[in-house]
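In what follows, a single structure is set out as structure tokens and then discussed.
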There are 2 protein chains.
Amino acid sequence: MGATKTEHFTDKQNTIATLTKALGHPARIAIVEYLIKVDTCICGDIVNELPLAQPTVSQHLKELKNAGLIKGSIEGNSICYCIDEKIMEKLQKYFGNISTKLSNKKNTCC
Amino acid sequence: MGATKTEHFTDKQNTIATLTKALGHPARIAIVEYLIKVDTCICGDIVNELPLAQPTVSQHLKELKNAGLIKGSIEGNSICYCIDEKIMEKLQKYFGNISTKLSNKKNTCC
DNA sequence: AATTTATATCGTAATATTGCAATATTAAAG
DNA sequence: CTTTAATATTGCAATATTACGATATAAATT
């Protein structure tokens with residue numbers, strides 16, 4: 001016990017859960033927002049933007065990368081990180097779809 | 001150590017992280033999708049829809065409720081759960097905004 | 001009142017996450 | 001080749017999450 005029972009859910013459900021889970025930490029939200037703000041891949045200085053130690057930031061970056069939300073490529077001495085637009089679009093569509101369905105809802109209980 | 005350092009991030013970042021974290025489990029994604037599918041508040045049978053034991057489902061429902069994603073009201077013998085449309089709209093706007101910003105991006109590295 | 005039904009809570013084991021100091025790695029600069 | 005700079009990995013302590021059996025609660029049914 002203790003581990004998530006992913007095998008009982010659909011691939012899509014697991015995919016969305018993986019993405020939202022990866023975003024489920026303020027530091028990782030901050031990283032994503034920073035990458036969007038600078039409007040370019042960023043080589044370095046992500047650590048200086050966050051109130052966390054370097055190994056911690058590195059770990060958060062790794063999780064975002066594992067989930068596919070960011071891409072990183074070695075750029076000489078440092079690493080170049082940037083948002084994967086396709087994945088963000090997937091989330092945007094997912095929540096857009098939910099909102100559409102909810103506004104079409106006929107029933108008005110609660 | 002071990003606890004998230006929420007105090008170092010903005011309220012908005014913490015709010016979005018709380019919502020995405022709550023959705024960061026396939027069972028909770030499945031619950032939300034089911035509530036949308038049935039197009040009404042649901043009194044009962046959420047447990048039967050999921051491949052998890054009743055206390056586990058109850059716990060997941062509690063987390064969704066704590067995050068504000070669903071609302072629940074006592075309906076006689078059972079409980080009536082439904083999606084909070086406002087909160088879903090907030091997520092939809094957040095990711096819509098990100099997608100807009102990303103598509104306006106001039107830089108094409110990575 | 002006793003039983004059934006639906007849901008919540010408690011307790012607990014297994015596992016995962018968070019955070020960081022210490023250390024490793026690797027490329028650029030001197 | 002040594003040093004510096006940027007990032008990753010390791011190891012570990014603190015804490016959180018996941019899952020469920022057992023039990024509690026509370027309204028509906030008999």
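First the proteins, then the strands, lettered A, B, ... as listed; each starts at 1.
- One interatomic measurement links the two molecules: CD1 of B:Ile46 to P of C:dA6, which rounds to 13 Å at whole-angstrom precision.
- The distance from atom CG of B:Leu35 to atom CD1 of B:Ile70, rounded to the nearest 0.5 Å, is 6.0 Å.
- Under the side-chain contact (heavy atoms from CB on, under 4.5 Å) criterion, B:Thr4 pairs with A:His25, A:Pro26, B:Thr6, sequence neighbours left out.
- Under a 3.5 Å cut-off, the side chain of B:Ser99 and the backbone N or O of B:Gly96 do not form any donor-acceptor pair.
- Rounded to the nearest 0.5 Å, atoms CD1 (A:Ile46) and OG (A:Ser58) are 10.0 Å apart.
- Rounded to whole angstrom, the span from the CD1 atom of A:Ile79 across to the P atom of C:dT26 amounts to 11 Å.
- Using five terminal pairs a side, the axes of the helix from C:dA1-D:dT30 to C:dG30-D:dC1 at its two ends make an angle of 20°, given in steps of 10 degrees.
- For the side-chain hydrogen bond (donor to acceptor under 3.5 Å, both in side chains) test, no residue two or more places apart in sequence or in another chain qualifies with B:Asn66.
- Between B:Leu23 atom CG and B:Thr18 atom OG1 the span is 11.0 Å, to the nearest 0.5 Å.
- Here CD of B:Glu85 is found 13.0 Å from CG of B:Leu69. Values are rounded to the nearest 0.5 Å.
- Side-chain nitrogen and oxygen atoms of B:Tyr81 include at least one within less than 4.0 Å of the OP1 or OP2 phosphate oxygen of C:dA8.
- Scanning residues 50-69 of chain A for heavy-atom distances under 4.0 Å to DNA chain C yields A:Leu52, A:Ala53, A:Pro55, A:Thr56, A:Gln59, A:His60, A:Glu63.
- Nearest-nucleotide positions on DNA chain D for A:Thr6 and B:Thr4 put B:Thr4 closer to the 5' end.
- B:Thr15 OG1 to B:Tyr94 OH: the interatomic distance, rounded to the nearest 0.5 Å, is 10.5 Å.
- Rounded to the nearest 0.5 Å, atoms CG (B:Asn104) and CD1 (A:Ile36) are 11.5 Å apart.
- B:Lys93 has a carboxylate O that lies under 4.0 Å from a charged side-chain N of B:Glu89, or vice versa, which qualifies the two as a salt bridge.
- The side chain of B:Lys5 lies closest to C:dC20 when the candidates are C:dC20, D:dT7, D:dA19.
- The side-chain hydrogen bond (donor to acceptor under 3.5 Å, both in side chains) test applied to B:Gln59 returns no partner, not counting sequence neighbours.
- Taking a 4.0 Å limit (strictly below) on heavy-atom distances, residues 7-25 of chain B does not reach DNA chain C anywhere.
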